[in-house]
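The sequence lines fix the lettering, A, B, ..., with proteins before strands; numbering per chain opens at 1. Quick caveat: nothing in here was measured; it's all calculated off a predicted structure. Heavy-atom basis, side chains included; hydrogens, waters and symmetry copies ignored.
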Amino acid sequence: KAGVTQTPRYLIKTRGQQVTLSCSPISGHRSVSWYQQTPGQGLQFLFEYFSETQRNKGNFPGRFSGRQFSNSRSEMNVSTLELGDSALYLCASSLTASMNTEAFFGQGTRLTVV
Amino acid sequence: DQQVKQNSPSLSVQEGRISILNCDYTNSMFDYFLWYKKYPAEGPTFLISISSIKDKNEDGRFTVFLNKSAKHLSLHIVPSQPGDSAVYFCAASEVTNAGKSTFGDGTTLTVKP
């Protein structure tokens, strides 16, 4: 079956702009999580959605937001982009959020803010 | 406050030898631990996991050990192969927040032929 699909793969934006990233989870998966990876920083948790509801949120400013649609696809939005937002944004899907399971990651969206 | 730490940024081993990657955590509420492998330009892929009710889980060449009292886990790869060269991330989660994993900063493993 198809894996997690993230679009676009690469993006270049100017400081002050806003950006929307998309994630299509594995069919049947209802939990979608977003992570930011910067060099030497590991993966920082952004937020998690389950059944169109945000269940968890990491320590990121309000400029970072997201949503999930009824088909479990998710989008994240970053407004008023800053240079420090340049990173690899990873989306992960899992079957359910009610028990511990492994997450399946997409290839990520590489965002560069200039 | 980093709750999951991988103190070795890099590790180099010879092909055929054992690779041991370490991970420490501080949050005693973590009860599920995972290792992911990441190649450049790809997302992390799940490798192996362990629940806090166990102290060892094995899958082929990969074994994860959990020492709850020390809040320490390790990943053993035996024998190591050049294709194992990648960044390895340790992650932890709580059953009440299963959709949120806390990751370490990763260890870059290089297996030399």
Side-chain angles (χ1 to χ4, degrees), chain A residues 3-7 9-10 21 23-26 29-51 53-60 66 68 72 74 88-110, chain B residues 1-10 21 23-25 27 29-54 57 59 62 64 66 75 86-108:
Chain A
V4 178
T5 303
Q6 289 188 247
T7 56
R9 287 291 311 278
Y10 302 93
L21 312 181
C23 172
S24 293
I26 291 172
H29 284 195
R30 296 171 63 193
S31 172
V32 174
S33 300
W34 288 88
Y35 293 84
Q36 179 197 64
Q37 185 187 17
T38 51
Q41 284 266 330
L43 279 71
Q44 305 296 316
F45 175 78
L46 279 155
F47 24 66
E48 182 230 347
Y49 288 87
F50 181 77
S51 293
T53 301
Q54 186 180 87
R55 276 182 20 111
N56 282 295
K57 191 175 191 307
N59 296 324
F60 278 82
Q68 186 181 34
S72 293
S74 177
L88 179 67
Y89 290 88
L90 291 159
C91 164
S93 79
S94 52
L95 193 57
T96 175
S98 62
M99 58 179 288
N100 285 311
T101 61
E102 68 268 26
F104 295 83
F105 283 83
Q107 290 185 292
T109 294
R110 171 74 62 185
Chain B
D1 175 35
Q2 195 166 11
Q3 297 186 59
V4 177
K5 292 183 181 179
Q6 294 177 254
N7 291 317
S8 298
S10 62
L21 296 96
C23 178
D24 296 295
Y25 62 95
N27 187 344
M29 298 299 292
F30 287 147
D31 56 7
Y32 192 66
F33 304 89
L34 312 94
W35 285 93
Y36 289 86
K37 180 168 73 171
K38 185 179 185 300
Y39 293 116
E42 294 183 12
T45 55
F46 170 74
L47 199 55
I48 193 169
S49 63
I50 188 167
S51 164
S52 61
I53 62 173
K54 293 185 175 182
N57 188 26
D59 184 2
F62 303 91
V64 56
L66 175 63
L75 174 69
V87 179
Y88 289 78
F89 290 99
C90 165
S93 64
E94 307 170 36
V95 67
T96 53
N97 274 311
K100 172 186 176 183
S101 287
T102 302
F103 282 77
D105 289 345
T107 296
T108 300

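- At a 4.5 Å heavy-atom cutoff, the contact between A/Q37 and chain B is made by side-chain atoms alone.
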Checklist entry - How far apart are the C-alpha atoms of B/W35 and B/L21, what are their side-chain angles, what is the distance that settles it, and do they pass the side chain to side chain contact (heavy atoms under 4.5 Å, CB included) test? => result CA-CA 10 Å; B/W35 285 93; B/L21 296 96; 4.0 Å; yes
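- Residue-environment remark: NZ (B/K54) stays at or below the threshold of 12 foreign heavy atoms within 6.0 Å.
- For a residue to count as touching a neighbouring chain, one of its non-hydrogen atoms must lie under 4.5 Å from one of that chain's; by this rule A/A92 does not touch chain B.
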Next on the checklist: Go through it in stages, so that I can follow the logic: the residues are A/Q6 and A/W34, the test is side chain to side chain contact (heavy atoms under 4.5 Å, CB included), and I'd like the CA-CA distance, side-chain angles, deciding distance and then a yes or no.
Outcome noted: CA-CA 11 Å; A/Q6 289 188 247; A/W34 288 88; 3.9 Å; yes
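- Within the 4.5 angstrom heavy-atom criterion, only side-chain atoms of A/R9, from C-beta onward, approach chain B.
- Highest contact tally toward chain A, considering only B/P9, B/P44, B/G106, is held by B/P44 [criterion: heavy-atom pairs under 4.5 Å].
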Next on the checklist: side chain to side chain contact (heavy atoms under 4.5 Å, CB included), that's the test. Do A/F104 and A/E102 meet it? Break it down for me.
Outcome noted: CA-CA 7 Å; A/F104 295 83; A/E102 68 268 26; 3.9 Å; yes
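- Only the side chain of A/L90 comes within contact range of chain B, with heavy atoms under 4.5 Å apart.
- Of the atoms belonging to A/F47, not a single heavy atom falls under 4.5 Å from chain B.
- Using a distance-only test at 3.5 Å, with no hydrogens or angles considered, a donor-acceptor pair links the side chain of B/T107 to the main chain of B/S8.
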